[in-house]
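Worksheet: the structure to be examined is printed underneath.
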Amino acid sequence: YAVNGGIDTVYASRGCRFNCVFCNAPKFWGQSWIGRPVSSVMEELHDLKRRGISKLHIYDLNISTDLPWFRQLLTAMAESGLDFRWDCEMRTEVLYDGELVDLMLSAGCREAFIGVESLSIDRMPESSKKVDPARFREVLEAARDKGRLVVPGIIIGLPFETEAMIRSNIEHALGLISEQLLYFPQ
């Protein structure tokens, strides 16, 4: 583990219940999802901490698929005292729940990869995302102000996008990056 610099990966669940237009996961998993028992995940986290791990990538396709399970996991992590710093992949609309974002932060989450897919506000629904364009900027500002880095998954050239939309998408993303509302790891 010392070779990894104190970083490791964890799978807390498998699959995803969603059917995003661009994603290959439904071909592998169907639209099924199964979460490990929270106690099993916590046993693994305790073992990793004993081995000197301090940073995690929770490698689930979408850790927020089942919100009651996700809240239970976050609560267990926050109450464990393990003090991991971790990142994950999740759906964008989770950011609209300020209480859940606070719980993620108290559990050690510092970075979230979210599938935005398109920043063409009028085209977000076509990418099968439940993004509220009117609140999108607001939740990005709240996440940034709480010390959370949001890494967006943006797809350039979705089937419904014109060249003008693609240019607009890129310009919008660059603007959000310059305002430190979106983060792209270097």
Side-chain angles (χ1 to χ4, degrees), residues 9-46 48 55-119 121 124-155 181-183:
T9 58
V10 171
Y11 283 95
S13 70
R14 294 283 190 172
C16 182
R17 292 185 184 138
F18 299 97
N19 193 25
C20 298
V21 296
F22 57 87
C23 188
N24 64 1
K27 298 290 185 207
F28 290 105
W29 303 100
Q31 283 182 259
S32 64
W33 175 90
I34 186 164
R36 290 173 51 195
V38 169
S39 60
S40 170
V41 176
M42 293 308 299
E43 285 176 28
E44 182 176 0
L45 295 182
H46 281 279
L48 291 172
K55 296 178 185 173
L56 299 172
H57 173 65
I58 299 180
Y59 214 21
D60 301 34
L61 289 173
N62 177 3
I63 192 159
S64 61
T65 296
D66 182 295
L67 289 177
W69 175 88
F70 186 41
R71 284 182 194 279
Q72 184 183 1
L73 177 62
L74 292 173
T75 300
M77 290 174 74
E79 293 174 353
S80 72
L82 291 173
D83 195 32
F84 282 110
R85 295 295 171 248
W86 54 276
D87 64 89
C88 64
E89 300 174 23
M90 62 184 215
R91 288 184 59 94
T92 305
E93 60 267 21
V94 172
L95 294 175
Y96 298 141
D97 183 338
E99 184 180 300
L100 187 59
V101 170
D102 288 343
L103 184 54
M104 290 175 71
L105 286 166
S106 69
C109 183
R110 292 300 177 260
E111 186 176 297
F113 176 90
I114 59 170
V116 177
E117 306 350 323
S118 178
L119 290 170
I121 300 298
M124 284 180 175
E126 291 182 45
S127 64
S128 74
K129 294 297 182 172
K130 296 176 182 175
V131 178
D132 178 353
R135 293 195 56 215
F136 186 61
R137 179 180 195 74
E138 172 190 333
V139 299
L140 289 176
E141 288 172 349
R144 177 200 60 202
D145 294 347
K146 291 179 180 185
R148 181 111 181 274
L149 298 174
V150 176
V151 179
I154 301 172
I155 298 174
L181 294 175
L182 296 178
Y183 167 77

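Here the structure is a predicted model, which means the values were calculated and not measured.
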Exercise for the section: List in chain and number order the residues that pass side-chain hydrogen bond (donor to acceptor under 3.5 Å, both in side chains) with Q31, two or more places apart in sequence or in another chain; answer none if no residue qualifies. Expected result: none

Problem - Pair listing, side chain to side chain donor-acceptor pair (under 3.5 Å) test, anchored in residues 67-82, at least two apart - result: R71-D97

Handout entry: Contacts of type side chain to side chain contact (heavy atoms under 4.5 Å, CB included), residue R144, not counting sequence neighbours
Key = E141, Q180, L181

Completion exercise
Residues at least two apart in sequence or cross-chain that pass side-chain hydrogen bond (donor to acceptor under 3.5 Å, both in side chains) with T65, listed by chain then number, are N62

Practice task
Please list, chain by chain and in numerical order, all residues satisfying side chain to side chain contact (heavy atoms under 4.5 Å, CB included) with A142, sequence neighbours excluded.
Solution key: none

Problem - T9: side-chain hydrogen bond (donor to acceptor under 3.5 Å, both in side chains) partners, not counting sequence neighbours - result: none

Fill in the blank from the handout: Heavy-atom closest pair (L105 atom, R110 atom, distance to 0.1 Å) is O-NH1, 2.9 Å

Handout entry: S32: side chain to side chain contact (heavy atoms under 4.5 Å, CB included) partners, not counting sequence neighbours
Key = W29

Exercise for the section: Drop me the distance from L73's CG to S39's OG, to the nearest 0.5 angstrom. Expected result: 11.0 Å

Fill in the blank from the handout: Residues passing the side chain to side chain contact (heavy atoms under 4.5 Å, CB included) test with L67, sequence neighbours excluded, are S64, F70, V94, L100

Practice task
Please confirm whether R91 makes a cation-pi placement over F18, using NZ or CZ under 6.0 Å from the six-membered ring centre and within 45° of the ring normal.
Solution key: yes

Fill in the blank from the handout: Rounded to the nearest 0.5 angstrom, the CG-CD1 distance for L95 and I114 is 5.0 Å

Problem - Summary of salt bridge (Lys or Arg N to Asp or Glu O under 4.0 Å) pairs that have at least one residue in residues 15-26, sequence neighbours excluded - result: R17-D66

Handout entry: Distance, nearest 0.5 Å, that separates CD1 of I34 from OG of S13
Key = 9.5 Å

Handout entry: Rounded distance [0.5 Å steps], CG in L103 versus SG in C109
Key = 10.5 Å

Handout entry: Heavy-atom side-chain proximity of R14 to R36 below 4.5 angstrom
Key = no

Practice task
Return yes when atom CZ of F113 has more than 12 non-hydrogen atoms of other residues, nucleotides or ligands closer than 6.0 Å, and no otherwise.
Solution key: yes

Practice task
Begin with the C-alpha distance, continue with both residues' side-chain angles, and end with the deciding distance and a verdict on side-chain contact (heavy atoms from CB on, under 4.5 Å) for M77 and V41.
Solution key: CA-CA 9 Å; M77 290 174 74; V41 176; 5.9 Å; no

Problem - Where D60 and V10 come nearest, the two heavy atoms and their spacing - result: OD1-O, 3.8 Å

Output a table of donor-acceptor pairs, distance under 3.5 Å, between side-chain atoms of residues 81-89 and any protein atom two or more places apart or on a different chain; print 'none' if there are none.
unit_1	atom_1	unit_2	atom_2	d
D83	OD1	R85	NH1	3.3
D83	OD1	R85	NH2	3.2
W86	NE1	A107	O	2.7
D87	OD1	H57	ND1	2.3

